[in-house]
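Report on the structure given below.
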Number of protein chains: 2
Amino acid sequence: MKQTRNVTIMHENKFINIYQDLSSKIRRAILPAGQLLPSENELGDQYRASRETIRKALALLSRNGYIQKIQGKGSVVLDVSRFDFPVSGLTSFRELAEHTGEQWKTTVRQLILMKPDKKLQQLMNLEEDQNLWKVIRSRTVGGETVILDKDFLLLDTVPMLTADICEHSLYDYIENELNLKIGFAKKQITVEEANEEDRQYLTLSTVSSVVVVRSLVYLDNTQLFQFTESRHRADKFRFVDFARREHL
Amino acid sequence: MKQTRNVTIMHENKFINIYQDLSSKIRRAILPAGQLLPSENELGDQYRASRETIRKALALLSRNGYIQKIQGKGSVVLDVSRFDFPVSGLTSFRELAEHTGEQWKTTVRQLILMKPDKKLQQLMNLEEDQNLWKVIRSRTVGGETVILDKDFLLLDTVPMLTADICEHSLYDYIENELNLKIGFAKKQITVEEANEEDRQYLTLSTVSSVVVVRSLVYLDNTQLFQFTESRHRADKFRFVDFARREHL
DNA sequence: CAGTGGTCTAGACCACGGC
DNA sequence: CCGTGGTCTAGACCACTGG
């Protein structure tokens, strides 16, 4: 649900609304863990939707760890309470910070326009004369700088960029101002020894290793437009995931 | 497709078959990256399926990084070639080893029946007199032991266990012999200093940190039955993920 | 404009669980 | 046996793309 012109509208699809209503009720324990959801037919009556539409909403709930469907019985509400939520998937730093409610601060260390070096050319499949934004930002919490983000964005897709935007939220700008739709990303997590740059920006006490998350980010139209290297102080890194077993 | 009574049958569902056929063609580049899939209506004719069934198969392809759907245009085949495949999700060590084709060896270090300590009682929500299997296994490749797995399994769900089974494949046994269906898992990845046990079993050269993957594994019926702690030599750890942006 | 994917529907049949 | 979820269908309407 979003606010527009002083009117509360539900401009999403029916199954998204149903998903949001049910997931909200589960998070607030109005539908407590262990209980069965109403049957799909009942839900169809309640929301005035066909069964297939209900099933689309339930499939979303299942994928995101809210319920477990059991044939012949029903849909069981899962315990979602002490589950550190969606750190998985494509989540921007700001969305994360807002979720945990901690006091974070982003500092832009560098913002320049550049040409790609050989490595970047190969990684992003670029021409050598293609222009790129290079953004370096550090993330500080409780006086300690624990994350260093290096972003490379195609000038072709992001024609303008300011330090202010980078400090606020890059994804917000890309999705809501430029109206670009992010489609998917390929990520890779490794652990590496801290390098010169890490030591320059991060608060590295005794810790000498960093967790490096490298992502290739693509738009809706399969256009690659960003490469990100997110370097985390190893002792402050944590990745939480909900995984379903695929029975193919 | 599986073999039963000397007859090749396709006992899976229609949309799974279509998914497997298409994904296989994409992997073998019979459907090359960048190209458009036939339209949903055409596919419906080809496979003699309704459009909704085709769409279920395409949704699977999309979730697993094979295609990107673009409204008004079609489904674009993504480049899947140099993408280290499903290391994400619930994948057993053996499935992984078979995928990469490397020469791995599993050694069972301990296999005992025990009662849970306080920590395990809280973590798995157990009674203090409930019986658990404790399995410790190490994984060796190229002469170096790089993974240490500690598993705790409910005796109630796994009544029998042998070193032989643990050496072969635990998940194979659980799913195919005991006919239990694994539903989902909650995972957490952190980086920690190597402890006494790590030093005892792992080949730790100069590396002193390990990547710890802790998982709570649940059955289809929401019953928690396993806690696993998988400890990886940090320099040998790698996690690859394909993530779609959720537009809710 | 025609063709594409996105959503929603009503109805059918099946497989499974529990009484 | 009934009620549950799992699959599949045929058809409708919409939103978007491209010529």
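None of the values given here were measured: they were computed from a predicted structure. What you see below is based on every heavy atom in this structure, not just the backbone, and it leaves out hydrogens, waters and symmetry mates. We name chains A, B, ... by the order of the sequence lines, and we start the count at 1 in each one.
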With a 4.5 Å heavy-atom cut-off, do B/Val77 and B/Tyr66 have their side chains touching?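 B/Val77 does not reach B/Tyr66 side chain to side chain.
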Please compare B/Lys69 and A/Glu52 by the position of their nearest nucleotide in DNA chain C and report the one closer to 5'.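 Between the two, 5'-proximity favours B/Lys69.
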Salt bridge flag under 4.0 Å for residues B/Lys181 and B/Glu175: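 No.
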Pair A/Asp151 + A/Arg137, salt bridge at N-O below 4.0 Å: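 Yes, A/Asp151 and A/Arg137 are salt-bridged.
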Please classify the nucleic acid contact of A/Ile70 as base, sugar-phosphate, or nothing, using heavy-atom distances under 4.0 Å.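 The answer is sugar-phosphate, as A/Ile70 gets under 4.0 Å only of primed atoms, P, OP1 or OP2.
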Nucleotide D/dC2, atom P - distance to CD of A/Gln71 in whole Å: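 Spelled out: CD on A/Gln71 to P on D/dC2 is 19 Å.
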Rounded to whole angstroms, how far apart are CD on A/Gln35 and P on D/dT4?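 Interatomic distance, CD of A/Gln35 to P of D/dT4: 15 Å.
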First and last nucleotide of DNA chain C in contact with chain B, 5' to 3', at under 4.0 Å to a heavy atom: what are they?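 Using the under 4.0 Å cut-off, the span is C/dG3 to C/dC8.
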If you count heavy atoms of other groups shown closer than 6.0 angstrom to NZ of B/Lys150, is the number above 12?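 Yes - once you tally the heavy atoms of other residues, nucleotides and ligands closer than 6.0 Å, there are more than 12.
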Could you tell me if A/Tyr19 and A/Asn64 have a donor-acceptor pair between their side chains, going purely by distance under 3.5 Å?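 Note: A/Asn64 and A/Tyr19 side chains meet the donor-acceptor criterion.
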Are A/Tyr47 and A/Asp21 close enough that a side-chain donor and a side-chain acceptor fall under 3.5 Å?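 Side-chain D/A pair, A/Tyr47 to A/Asp21: present.
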With a cut-off of less than 4.0 Å, is there a side-chain N or O of B/Lys73 near OP1 or OP2 of D/dG18?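 The answer is yes; a side-chain N or O of B/Lys73 sits under 4.0 Å from OP1 or OP2.
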Both B/Arg51 and B/Ile54 contact DNA chain D. Which one's nearest nucleotide lies toward the 5' end?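 Final value for this comparison: B/Ile54.
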